[in-house]
Amino acid sequence: MNRVASSPNRLNVGSAFDEEGQKKVFTKWIQYKIKLMNPELVPEIDPPKLVDAMSDGIILHRLMSSLTKKSPPITEETLAKNKGRIIQLQNFLTQLVEWTKNSIPKSATQTITCSSQNLVEKSTPQVMGMIWILILTYQRIKKDDQVKWAKGLLGNIEGINVGNDLSASFQDGMAFAYLIRSFKPDVIDIEEVRKMEVPQRLETTFDKAEKHLGIPRLLEPSDCFPEKPNEQAMMTYLSFFHNVSRVESGEIQSMDDAVMTPSKPLLDVPVPASPSSSNLSPIKLDFDEVEELRKQVAALTPLKSRVESLEPELDK
C-alpha cells in the first residue's frame with residue numbers, strides 16, 4: 001500500500017480501509033462541488049474507480065470551474081474529443097494541470113505534484129494527493145486550527161474528549177450531536193441521541209446536519225464504525241461544520257465560497273481571428289507568461305527603431 005506522507009495535512013493512506021474511506025469521501029466532495037455549479041454536470045463515479053474516472057481530465061475541468069468560478073484554459077469538448085489520442089490528450093491535460101496548480105495560493109504549505117502523465121497513467125498517490133490539496137485549499141483546512149476550533153466548542157462538555165485524533169474523537173457520534181446543538185439547539189435531543197446505538201446515532205447526526213445545516217452527507221455510519229474512519233475523510237467532513245462557524249462569525253459569506261486567492265492571476269488572451277484559428281478557444285496565459293511577453297516586446301522596440309533609422313541609408 002502506498003503511503004504518501006505522515007503529516008496530517010498530507011495524504012496518508014495506511015490500509016485498504018483507509019484508501020476506501022478516502023475515495024468515498026473525496027468522490028462525494030467532488031460531486032457536491034460540481035453540483036453547486038450545475039447539477040446536470042454531476043458525474044457518476046464509482047468511488048473505488050475514482051482515479052480511473054479522473055484520467056481524461058473532464059471531472060477535473062468541471063471541479064476547477066466550480067471551485068475557481070473561472071474557465072480553465074481548454075474546453076471540456078476538447079478533452080472529450082481527444083480521449084482516445086493519448087499524446088494529444090496529455091498535451092491538453094498538461095495545460096489543465098498547470099492551471100490547477102496556479103489556483104493554489106502561494107501561502108499554501110503544499111503544492112500539487114500530480115502531472116498530466118500521472119493522470120493518464122492513473123497513479124493513485126499523485127491523483128489522490130492532488131484532490132486532497134484541493135480539499136485543504138478550498139475547505140480552508142488546517143488540522144491544528146480544526147482541532148483548536150473543536151476543542152473550543154466541545155472541550156468543556158462532560159464525556160466528550162476532543163484530542164488530536166479527530167477520527168477517534170468523533171467516531172461514536174456524540175461529538176457530532178453536540179456540534180449540531182451548538183448551531184441549532186432545537187433540532188437534536190442530546191439525551192435521546194445518547195441512548196442510541198452508535199450506528200443509529202451516527203445516522204441521526206449525519207441526517208440532521210444535512211437537513212438543518214446544509215452539510216453534505218460525505219460520511220455513512222459504516223465509514224466510522226466499528227473501524228475508526230480515515231483521518232482525511234473525517235477532516236473533510238468536519239470542515240463543513242467549521243465553515244458554518246466561520247459563516248456565523250462573518251469570516252466568510254458562504255460555506256461554498258471559493259475562499260482562497262490563486263497563486264497567480266489567470267488571464268484570458270483572445271486568439272486573433274484568422275481562417276486557421278477561427279474555431280480555436282481563447283489561449284490562457286498566466287501572469288508570469290504575460291510579463292515575459294511584455295519584456296520581449298520591450299526588448300525589441302529599440303531594435304525596431306534602429307532598423308527604421310537605417311532604412312533611408314539602405315534605400316540609397
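Throughout, numbering of the chain's residues begins at 1 and tracks the sequence.
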Only one of Leu136, Thr111, Leu134 passes side-chain contact (heavy atoms from CB on, under 4.5 Å) with Ile104, and that residue is Leu134
Can you confirm whether Ile87 is buried at CD1, in the sense that more than 12 heavy atoms of other residues, nucleotides or ligands lie under 6.0 Å from that atom? no
side-chain contact (heavy atoms from CB on, under 4.5 Å) filter on Asn164, not counting sequence neighbours, yields Val147, Lys151
For Val198, the side-chain contact (heavy atoms from CB on, under 4.5 Å) test, sequence neighbours excluded, returns Asp172, Arg201, Leu202, Phe225
Donor-acceptor pairs under 3.5 Å, side chain of residues 181-190 to any protein atom, not counting sequence neighbours: which ones?
{"residue": "Ser182", "atom": "OG", "partner": "Leu179", "partner atom": "O", "Å": "2.5"}
{"residue": "Asp189", "atom": "OD1", "partner": "Glu191", "partner atom": "N", "Å": "3.1"}
{"residue": "Asp189", "atom": "OD1", "partner": "Glu192", "partner atom": "N", "Å": "3.2"}

Heavy atoms of Cys114 and Gln126 approach each other most closely as CB-O, 3.5 Å
Would you say that more than 12 heavy atoms from the other residues, nucleotides or ligands in this model lie under 6.0 Å from the CG of Asn91, or not? yes
Per side-chain contact (heavy atoms from CB on, under 4.5 Å), Ser167 is matched among Met235, Glu231, Glu227 by Glu231
Side-chain (Thr94) to main-chain (Ser116) donor-acceptor, under 3.5 angstrom | no
Listing, residues 52-60 side-chain donor-acceptor contacts under 3.5 Å, not counting sequence neighbours, or none:
{"residue": "Ser55", "atom": "OG", "partner": "Asp52", "partner atom": "O", "Å": "2.8"}
{"residue": "Asp56", "atom": "OD1", "partner": "Ile58", "partner atom": "N", "Å": "3.1"}
{"residue": "Asp56", "atom": "OD2", "partner": "Lys83", "partner atom": "NZ", "Å": "3.3"}

Separation between OG (Ser245) and CD (Glu251), nearest 0.5 Å, reads 9.5 Å
So salt bridge (charged side-chain N to carboxylate O under 4.0 Å, His left out) across residues 84-93, not counting sequence neighbours, yields none
Could you check whether any side-chain N or O of Ser66 sits under 3.5 Å from a backbone N or O of Lys33, counting only pairs where one atom can act as donor and the other as acceptor? yes
Sorted by chain and number, sequence neighbours left out, salt bridge (charged side-chain N to carboxylate O under 4.0 Å, His left out) with Glu220 holds for Lys28, Arg217
Here the ring pair (Phe, Tyr, Trp, His ring centres under 6.0 Å) pairs for residues 150-175, sequence neighbours left out, are Phe170-Phe176
side-chain contact (heavy atoms from CB on, under 4.5 Å) filter on Pro48, not counting sequence neighbours, yields Asp46
The salt bridge (charged side-chain N to carboxylate O under 4.0 Å, His left out) partners of Lys49 (sequence neighbours excluded) come to none
Sorted by chain and number, sequence neighbours left out, salt bridge (charged side-chain N to carboxylate O under 4.0 Å, His left out) with Glu98 holds for Lys101
Contacts of Gln31 meeting side-chain hydrogen bond (donor to acceptor under 3.5 Å, both in side chains) (sequence neighbours excluded), chain-then-number -> none
Hits for side-chain contact (heavy atoms from CB on, under 4.5 Å) against Asn243, two or more places apart or cross-chain, chain-then-number order -> Gln139, Arg140, Arg246, Ile252, Met255
NZ (Lys35) and CZ (Arg62) are apart, to the nearest 0.5 Å, by 15.0 Å
